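Worksheet for the structure shown next.
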Amino acid sequence: MTKARHTRLQVIYAKTDISADLRPHLVGWSYTDNLSGQADELQLTLEDMEQRWSSSWMPDLTATLQATIFRENWNQEDVVESLPLGRFEIADIEISYPPSTVTISAISIPETSGVRGQKKNKAWEKTTLSVIAREKASGAGLSLFYDTDEDPAYDRIEQTEETDLVFLTRLCNDAGLCLKVNGTQLVIFDEAKYEKATPIATLKRSKSEINSFRGRTTSVGMYRACTVQYFSAEEKRNISATFTPPNAPKTGRVLTINERVASVAEAQRLAKKRLREANKEAVRVSLTMSGDIRFVAGVTVILSEFGWFDGKYIVTQATHSQQNGYETSLELRRCLEGY
């Protein structure tokens with residue numbers, strides 16, 4: 001007799017495994033993994049008919065949770081697979097009735113670390129993004145994973161009444177890079193590098209694993225090319241470069257950028273980045289499927305049998321949830337070619 005598929009969530013609260021205590025009361029759970037710009041989230045919904053979770057069992061705000069998804073007998077009998085979700089800090093607890101429930105929400109960017117809540121003022125001279133990021137990560141008790149070959153240099157840069165997270169996000173956005181905090185790490189990376197990775201799966205319309213699909217494409221805010229123009233007062237010369245990607249439409253708007261650059265090569269690199277930022281949201285897909293722990297933010301997949309929407313995509317958000325069954329929801333963005 002074939003063994004039934006089974007999914008369970010392990011939860012460690014302040015270094016104590018509370019999974020057994022949770023299990024009889026766990027109505028549902030969800031985990032949302034974001035590629036960049038937002039904290040990852042873990043949410044637990046508990047029945048509370050006996051009012052334990054809203055009284056003596058109520059967890060402490062800012063307490064830490066660690067969670068792992070386990071699935072058994074999924075692709076092969078007696079095989080257990082796991083997806084570690086990382087470390088979270090409890091940010092919100094909500095009690096409601098009827099029916100009596102307690103919802104615990106936790107996020108991957110600790111409020112207590114200072115990286116989110118405290119506005120600061122500081123200036124740096126003759127430094128780089130990686131140096132500043134390492135300083136901020138260390139101060140928040142995080143390690144730094146700097147996953148890009150690019151390291152913008154600054155003659156002078158100022159943090160003025162900004163939290164470390166807002167400040168670093170601004171620097172990364174200006175550099176065309178992405179930033180993420182996952183509980184123990186501060187990660188800075190280049191999306192273009194991740195888009196080049198080998199796809200982990202091909203998702204086909206004809207397969208029963210796909211429960212719903214929605215695709216959208218837009219021309220709003222899109223450009224066929226980008227031109228960077230800058231007049232160097234010191235050198236008394238114009239520096240200009242235009243980037244046009246492969247397979248660009250023959251007609252369309254050209255994005256014009258006026259930012260400081262030191263050379264034509266630097267202008268070309270900047271044009272490429274600014275065009276990517278403008279165009280990367282042109283094709284988006286949302287889908288739900290049967291639960292699959294392989295899918296996390298940052299992996300790439302191939303869509304097949306969806307007509308015009310076929311192609312290679314990067315996962316910008318992956319949500320794993322269980323209520324009436326284990327399900328995975330994905331937000332996808334089509335990978336850009338040549339930039």
Side-chain angles (χ1 to χ4, degrees), residues 3-11 19 22-23 26-45 65-77 79-88 103-108 180 182-183 187 191 194-195 197-216 281 283-306 309-335:
K3 293 183 178 180
R5 289 179 168 184
H6 177 65
T7 304
R8 59 184 172 88
L9 183 71
Q10 180 191 54
V11 178
S19 305
L22 279 177
R23 199 166 295 124
L26 195 57
V27 176
W29 55 265
S30 68
Y31 162 68
T32 300
D33 179 23
N34 293 295
L35 180 62
S36 176
Q38 293 177 279
D40 297 340
E41 299 179 11
L42 177 67
Q43 188 172 89
L44 310 174
T45 301
L65 298 176
Q66 287 182 273
T68 302
I69 300 172
F70 291 93
R71 64 178 190 176
E72 303 173 23
N73 307 316
W74 213 261
N75 297 310
Q76 187 177 346
E77 286 194 9
V79 173
V80 178
E81 302 167 287
S82 64
L83 173 62
L85 307 185
R87 189 177 74 183
F88 303 83
T103 301
I104 301 168
S105 300
I107 58 176
S108 64
K180 175 170 180 164
N182 65 9
V187 184
E191 275 185 335
Y194 283 37
E195 288 182 20
T198 302
I200 66 163
T202 296
L203 301 178
K204 295 184 177 181
R205 183 169 183 162
S206 60
K207 296 293 185 180
S208 60
E209 64 193 12
I210 306 296
N211 299 325
S212 68
F213 176 95
R214 185 177 73 251
R216 177 179 178 269
E281 303 294 332
V283 183
R284 298 199 65 94
V285 163
S286 302
L287 61 84
T288 61
M289 57 189 297
S290 57
D292 194 327
I293 62 174
R294 293 179 299 166
F295 292 95
V296 295
V299 302
T300 62
V301 300
I302 298 294
L303 296 187
S304 178
E305 302 175 355
F306 292 96
F309 286 93
D310 284 358
K312 186 180 182 182
Y313 289 74
I314 186 169
V315 177
T316 59
Q317 183 184 83
T319 299
H320 298 263
S321 61
Q322 182 165 297
Q323 191 154 11
N324 298 319
Y326 176 34
E327 186 175 74
T328 298
S329 302
L330 301 178
E331 294 293 328
L332 308 170
R333 173 174 58 73
R334 181 178 280 174
C335 297

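Worth saying up front: this structure is predicted, and the values here are computed from it rather than measured.
Here Asp33 pairs with Lys180 in a salt bridge; the nearest charged N to carboxylate O distance falls below 4.0 Å.
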Intermediate values then yes/no, salt bridge (charged side-chain N to carboxylate O under 4.0 Å, His left out), Lys312 and Glu195: CA-CA 9 Å; Lys312 186 180 182 182; Glu195 288 182 20; over 6 Å; no

Ser290/Glu209 under side-chain hydrogen bond (donor to acceptor under 3.5 Å, both in side chains): CA gap, chis, key distance, verdict: CA-CA 5 Å; Ser290 57; Glu209 64 193 12; 5.4 Å; no

Audit row: Ser212, Thr288, side-chain hydrogen bond (donor to acceptor under 3.5 Å, both in side chains) steps and yes/no: CA-CA 5 Å; Ser212 68; Thr288 61; 2.6 Å; yes

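Here the shortest heavy-atom pairing between Ala197 and Thr300 reads O-OG1, 3.1 Å. Nearest heavy-atom pair, Ala318 versus Leu330, reported as atom, atom and distance to 0.1 Å: CB-CD2, 3.8 Å. The shortest heavy-atom contact between Glu305 and Asp310 is N-OD1, 3.1 Å.
Summarising the geometry, atom OG1 belonging to Thr45 is positioned 12.5 Å from atom CD belonging to Gln322; distances are rounded to the nearest 0.5 Å. Taking CG of Leu203 as the reference point, atom CD1 of Ile302 lies at 9.5 Å (rounded to 0.5 Å). Note that the CZ atom of Phe309 and the CZ atom of Arg205 stand 11.0 Å from one another [nearest 0.5 Å].
Judged purely by atom type and a 3.5 angstrom limit, Ser19 uses its side chain to pair as donor or acceptor with the backbone of Val11. Within the 3.5 Å criterion, the main-chain N or O of Ile69 finds no donor-acceptor partner in the side chain of His320. Listed for the Asp292 side chain is a donor-acceptor partner under 3.5 Å among the backbone atoms of Arg294. No donor-acceptor distance shorter than 3.5 angstrom exists from the side chain of Ser82 to the backbone of Phe70, with no hydrogens or angles considered. Between the Ser30 side chain and the Ser321 main chain, no donor and acceptor come within less than 3.5 Å of each other.
A perpendicular orientation is assigned to the rings of Tyr31 and Phe88, their planes being inclined by more than 60° (bins at 30° and 60°). Between Trp29 and Tyr326, the ring planes lie tilted relative to each other; the angle falls in the 30° to 60° range.
In this structure, Leu44 and Leu26 have side chains that are in contact, with non-hydrogen atoms separated by less than 4.5 Å.
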